[in-house]
Student: 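After the C-alpha cells below, expect a handful of questions from me.
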Protein chains: 2
Amino acid sequence: MPAPHATSHACPIRDVLDRVGDAWSVLVITELNKGPCRFNALRRVVDGISQRMLAVTLRQLERDGLVSRRVTDGRPPQVTYGLTARGVSLHAALAPLADWAARHQQAIRDSRAAFEATQALAA
Amino acid sequence: MPAPHATSHACPIRDVLDRVGDAWSVLVITELNKGPCRFNALRRVVDGISQRMLAVTLRQLERDGLVSRRVTDGRPPQVTYGLTARGVSLHAALAPLADWAARHQQAIRDSRAAFEATQALAA
DNA sequence: CTGTATCCATGCCGATACTG
DNA sequence: CAGTATCGGCATGGATACAG
C-alpha cells in the first residue's frame, strides 16, 4: 500500500489486517497465548520464521502493546515475551475466524480444484 | 512465504489469512455484503484499488467459492458480483475482529506513539 | 463495461555477518 | 542468548495499453 486511502480511516479492520495479515504475527500470538516464551524457544516452535522476522514481528507487537518484553539480565541474558491483556483479547477475537477457517478449509480446497478444472477446460 | 512450512498444515487460520490478509479481499467482501455490485461500481466504492487488483481479488474470491459472478450479456455487457453463502459466513466470522479493531484502534495508536517516544529517547 | 497482458518500481524478507 | 545491519532476490502491485 503506497499511501493511506480514503477507505483506511473509515475501516479500522484494515489497520488490524495490516498488522495481523502478515501471517507471522498470528502464529507468534498463538504461541504466546499458550504461555510466555523466550526468543529462541519461539524461534524453534514457530518453525520457518527467520531470526530477522521474529525480531521484527515481536517489535511490532510490542509497539502495539500486544506483547510484553521482560529482560532478566544474567549469564546468559534472558528475554521473555508474553501476551498483554490486549494481546489475549486479540487472540480471542481471532477465534471465530480460526473456527471458520477450520470448518471451510476443505470446501475451499474443493472449490479451488473445481474452479481450476473449469479453467483448464476453457484453455 | 517461500514454501509451505510445518506449521501450515496444522494451522488452517494461516490459509485464511493468506487470502484475507491482502486487505483488498476484506474490503471487497465488506462491500459485497451490503449487496450485489457491478465491477466498476465496486471499483469506485473500494477507492484506491487498481483495476488489476480488483480483477485479481475477485478471481481469487470466486475461485474459493466466496463470491459469485453473474454475466448478463447485452449492450453494454454487465457482470454482477455477489457474496455466496460461504462469503457471508466469512464476513460474519470477521465481525469480532472488526469489533476488536474498532475498540482498540485508539489505544494501539497511543501505544505506538508512546513506544516511539521511548525509542527516540534511546537514540 | 469488463476484463487481460506487459512493464517496471517498490518493498518484503531470507541469508549472512557482526555486536552486547 | 538475543538481537541489529546490510545485501540481494523475488513477489506484489500500480500504470498503461490493448481486447472482447
Side-chain angles (χ1 to χ4, degrees), chain A residues 1-8 14 17-28 31-32 36-63 67-82 118-119 122-123, chain B residues 1-8 14 17-28 32 36-63 67-82 119 122-123:
Chain A
M1 211 172 0
H5 301 121
T7 0
S8 300
R14 175 93 178 241
L17 285 173
D18 282 349
R19 194 120 325 270
V20 133
D22 62 68
W24 292 129
S25 295
V26 175
L27 292 180
V28 169
E31 273 314 314
L32 289 181
C37 199
R38 305 248 309 272
F39 187 87
N40 276 351
L42 220 38
R43 189 151 147 57
R44 276 188 299 275
V45 67
V46 172
D47 187 85
I49 196 171
S50 63
Q51 186 178 25
R52 179 179 189 275
M53 284 318 293
L54 180 55
V56 169
T57 300
L58 285 171
R59 268 276 182 278
Q60 282 181 344
L61 294 174
E62 187 195 357
R63 183 181 129 121
V67 158
S68 64
R69 179 175 183 272
R70 194 173 57 253
V71 182
T72 320
D73 249 40
R75 292 298 311 175
Q78 288 186 190
V79 180
T80 305
Y81 291 92
T118 308
Q119 294 310 87
Chain B
M1 209 175 358
H5 301 119
T7 358
S8 300
R14 176 94 178 240
L17 285 173
D18 281 348
R19 193 120 324 269
V20 132
D22 61 70
W24 293 128
S25 295
V26 174
L27 291 180
V28 169
L32 289 181
C37 200
R38 304 250 307 277
F39 187 87
N40 275 353
L42 221 37
R43 189 151 147 59
R44 278 189 299 275
V45 66
V46 173
D47 185 87
I49 195 171
S50 64
Q51 187 178 25
R52 178 183 139 79
M53 284 317 291
L54 179 55
V56 168
T57 300
L58 285 171
R59 268 277 183 279
Q60 283 181 343
L61 294 174
E62 188 195 356
R63 184 180 128 121
V67 158
S68 64
R69 178 174 183 271
R70 192 172 61 252
V71 181
T72 319
D73 251 39
R75 294 295 313 172
Q78 287 186 190
V79 181
T80 306
Y81 293 92
Q119 294 311 88

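Any value given below was found using the heavy atoms of this structure, including those in side chains, with hydrogens, waters and symmetry copies removed.
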Student: Rounded to the Å, how far apart are Met53(A) CE and dA2(D) C1'?
Tutor: 17 Å
Student: State, yes or no, whether a side-chain contact exists between Leu42(A) and Leu58(A) at a heavy-atom distance under 4.5 Å.
Tutor: yes
Student: Please report, rounded to the nearest Å, how far the P atom of dA15(D) is from the CG atom of Leu54(B).
Tutor: 14 Å
Student: Can you list the residues that meet the side-chain hydrogen bond (donor to acceptor under 3.5 Å, both in side chains) rule with Ser68(A), with sequence neighbours excluded?
Tutor: none
Student: Applying salt bridge (Lys or Arg N to Asp or Glu O under 4.0 Å), name anything that partners Arg59(B), two or more places apart in sequence or on another chain.
Tutor: Glu62(B)
Student: Compare side-chain N and O positions of Tyr81(A) against OP1 and OP2 of dG3(D) and report whether any pair is under 4.0 Å apart.
Tutor: yes
Student: For dG14(C), does OP1 or OP2 lie under 4.0 Å from any side-chain N or O of Trp24(A)?
Tutor: yes
Student: Give each protein N/O atom lying under 3.5 Å from an N/O atom of nucleotides 4-9 of chain D, with the pair distance.
Tutor:
residue : atom : partner  : partner atom : Å
dT4(D)  : OP1  : Arg59(A) : NH2          : 2.7

Student: Would you mind reading off the distance between Ile49(B) atom CD1 and dT12(D) atom C1', rounded to a whole angstrom?
Tutor: 13 Å
Student: To the nearest Å, give me how far apart CD (Gln119(B)) and P (dG3(D)) are.
Tutor: 12 Å
Student: Starting from P on dT12(D), measure out to CZ on Arg19(B) and report it in whole angstrom.
Tutor: 11 Å
Student: Just so I know, are the side chains of Thr80(A) and Arg69(A) near enough to count as touching, which here means a heavy-atom distance under 4.5 Å?
Tutor: no
Student: Applying a 4.0 Å non-hydrogen cut-off, can you work out what Arg43(B) is touching in the nucleic acid: base, sugar-phosphate, or nothing?
Tutor: nothing
Student: Strictly below 4.0 Å: does Arg69(A) bring a side-chain N or O up to OP1 or OP2 of dA2(D)?
Tutor: no
Student: Using the test side chain to side chain contact (heavy atoms under 4.5 Å, CB included), find all partners of Arg43(A) that sit at least two apart in sequence or belong to another chain.
Tutor: Phe39(A), Asn40(A), Gln51(A), Leu54(A)
Student: Starting at CG of Asp73(A) and ending at C1' of dA2(D), how long is that distance when rounded to a whole Å?
Tutor: 11 Å
Student: Tell me every residue that passes side-chain hydrogen bond (donor to acceptor under 3.5 Å, both in side chains) with Arg52(B), counting only those two or more places apart in sequence or in another chain.
Tutor: none
Student: Do side-chain atoms of Ser25(A) reach the backbone of Arg19(A) as a donor and acceptor pair under 3.5 angstrom?
Tutor: yes
Student: Please report how far the helix from dC1(C)-dG20(D) to dG20(C)-dC1(D) bends, comparing the axis fitted to its first five pairs with the axis fitted to its last five, to the nearest 10 degrees.
Tutor: 40°
Student: Calculate the interatomic distance between Asp22(B) atom CG and dG11(C) atom C1'; express it in whole Å.
Tutor: 16 Å
Student: Please confirm whether the backbone N or O of Gly21(B) pairs with a side-chain atom of Asp18(B), one donor and one acceptor, at under 3.5 Å?
Tutor: no
Student: For Asp18(B) and dT12(D), what is the distance between atoms CG and P respectively, to the nearest whole Å?
Tutor: 10 Å
Student: Search all heavy atoms of Thr57(A) against all heavy atoms of Trp24(A) and return the closest pair with its distance.
Tutor: OG1-CB, 3.8 Å
